[in-house]
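All residue numbers in this chain count up from 1 along the given sequence.
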Amino acid sequence: MMNLCPKCSHSPWPFAMIFVITSVIGFLTWLVLGLSPLDPLARVAIAVAVFLVVGGTLLHYVVSCLRRHCRHKDDATAGRGEALG
């Protein structure tokens with residue numbers, strides 16, 4: 001799924017921050033829905049859905065940024081150009 005450059009040293013911090021941000025947003029969603037007349041199972045289901053959607057969106061963003069800002073892709077294309085030329 002995540003085809004990241006093996007030469008880059010990947011820190012776990014971006015992924016830990018994704019988990020923290022999505023946890024806070026999911027908890028706040030559950031907390032705010034506590035003011036609604038929904039039953040507890042529906043509140044938990046909605047909070048989990050929000051957690052998954054926000055987490056998926058942030059994960060997609062972080063992985064695309066890691067791919068875009070990789071410094072090793074220029075090395076690979078330069079090496080191919082020297083071998084051909």
Smallest separation among heavy atoms of [X] and [Y], with atom names:
X: A47; Y: G26; value: CB-O, 3.6 Å
X: R43; Y: L38; value: CG-CB, 4.1 Å
X: P14; Y: V62; value: CB-CG1, 3.8 Å

Quick check on the hydrophobic clustering: are [X] and [Y] connected, directly or via other members, by side-chain heavy-atom contacts under 4.5 Å?
X: V44; Y: L31; value: yes
X: I21; Y: F15; value: yes
X: I25; Y: V53; value: no

Residue set satisfying ring pair (Phe, Tyr, Trp, His ring centres under 6.0 Å) with F27, at least two apart, ordered chain then number -> W30
Side chain to side chain contact (heavy atoms under 4.5 Å, CB included) filter on S23, not counting sequence neighbours, yields F19, F51
One should read off an interatomic distance between L59 CG and I18 CD1, to the nearest 0.5 angstrom, of 5.0 Å
